[in-house]
Amino acid sequence: MRSVIDILDLSVEELDELVACANDIIANPEKYAHKCAGKKLATLFFEPSTRTRLSFEAAMYELGGNVLSMSDAKSSSAAKGESVADTAKTISCYADIIAMRHPKEGAPLVASMNATVPVINAGDGGHNHPTQTLADLLTISREKGRFNDITVGFCGDLKFGRTVHSLISALSRYKNVKFVLISPEELKLPSYVKKDIIQKNNLEYVQTTDLESVMPELDILYMTRVQRERFFNEEDYLRLKDSYILTPEKLETAKKDLCVMHPLPRVNEISVAVDDDPRACYFKQVLNGKFMRMALILKLLEVK
Ligand code: NCD
């Protein structure tokens, strides 16, 4: 039995297999329509979510399975003080696989150590978000056709943005990947990601506060929302929230085949006028996320 807590729990070969499986699901959905008949996915979300929870649930339904859903921590026994470990043991009695989002870093790991079914980390605090990375990787694969030889700009809240940490981890295993880290001083990438992931893999990176000066060199621009819920005070959030706003004018110096990504939800970081630009890929990411979650559920349930 395997869980996916960190994107590095999956090897590069397994990522390739998941991408291939998702592409096959896209091409032949009917082949997969009953693969999970009789199986149940439990979605345990202790933090708000639209895309991640609903795409997990849509994924399970499209595989012919069923879903048990807990979308509000306040209505669960967590509100009575139940531990994550006990919740995981309990849900294992009802479901074949669990997707869990939690505001505490490490909570899905604790769940996986206590569950008797696979646990998928659907986002833990400001730490990791491996299944968003699966959505991102399928998008990069379909848009650019490669993971090697790319310059990827990450812009916005690189400190608390868990999707950034997981995507950097995933891409750090490929060749000739260059990271351009664009953020305000206060929201720079945590040093553990920089040291343990980027530097350890000898990858090239630059840090800057200025998006416009680096725009022409990027193959991918990954915009992020300033993570209000992780701030200690509202004043800092208000000061930093509109640090970067991508507009059609700012894209004028970008490559013609740039891929603009965003895990969503967007607040102000990308003007809606950018949505019509063929380089805008963020709604494709949403759809790709469902297919990759289907591929992951099949893998962890060991469905052939
Ligand atoms: C992200 C998250 O929850 O970390 N959303 C998502 O799952 N697509 C990004 C965010 O909330 O900013």
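Sequential numbering from 1 along the given sequence is applied to the chain's residues. Ligands are counted one by one from 1 in listed order, and the atoms in each one are counted from 1 as well. Just so it is clear, the model here is predicted, and its values are computed rather than measured.
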Go through ligand 1 atom by atom and flag the ones less than 4.0 Å from a non-hydrogen atom of [X].
X: T52; answer: 6 (C), 7 (O)
X: Q227; answer: 10 (C), 12 (O)
X: R101; answer: 3 (O), 7 (O)
X: T163; answer: 1 (C), 4 (O)

Write out the residue and atom name of the closest protein heavy atom to [atom], then the distance separating them to 0.1 Å.
atom: atom 5 (N) of ligand 1; result: L264 O, 2.9 Å
atom: atom 8 (N) of ligand 1; result: P263 O, 2.9 Å
atom: atom 11 (O) of ligand 1; result: R225 NH2, 2.8 Å
atom: atom 3 (O) of ligand 1; result: R162 NH2, 2.8 Å

Q) Are any of the N/O atoms in Q132 less than 3.5 Å from those in ligand 1? A) yes
(Q) Tell me whether H165 contacts the main-chain N or O of H127 through its side chain, where contact means a donor paired with an acceptor under 3.5 Å. (A) yes
Q) Would you say the side-chain atoms of D157 pair up with the backbone N or O of L187, donor to acceptor, closer than 3.5 Å? A) no
(Q) According to side chain to side chain contact (heavy atoms under 4.5 Å, CB included), who are the partners of R230, at least two apart in sequence or on a separate chain? (A) E47, F160, R162, Q227
Q: Measure the acute angle between the ring planes of Y222 and F154, then classify it against the limits of 30° and 60° as parallel, tilted or perpendicular.
A: tilted
Q: Would you please classify the geometry between the Y282 ring and the H262 ring as parallel, tilted or perpendicular, with 30° and 60° separating the classes?
A: perpendicular
Q: Answer yes or no for P265: is there a heavy-atom contact with ligand 1 below 4.0 Å?
A: yes
Q: Return yes if a side-chain donor-acceptor contact under 3.5 Å exists between R53 and T43, otherwise no.
A: no
Q: Quick one: closest heavy-atom pair of P265 and R225, and the distance?
A: O-CD, 3.5 Å
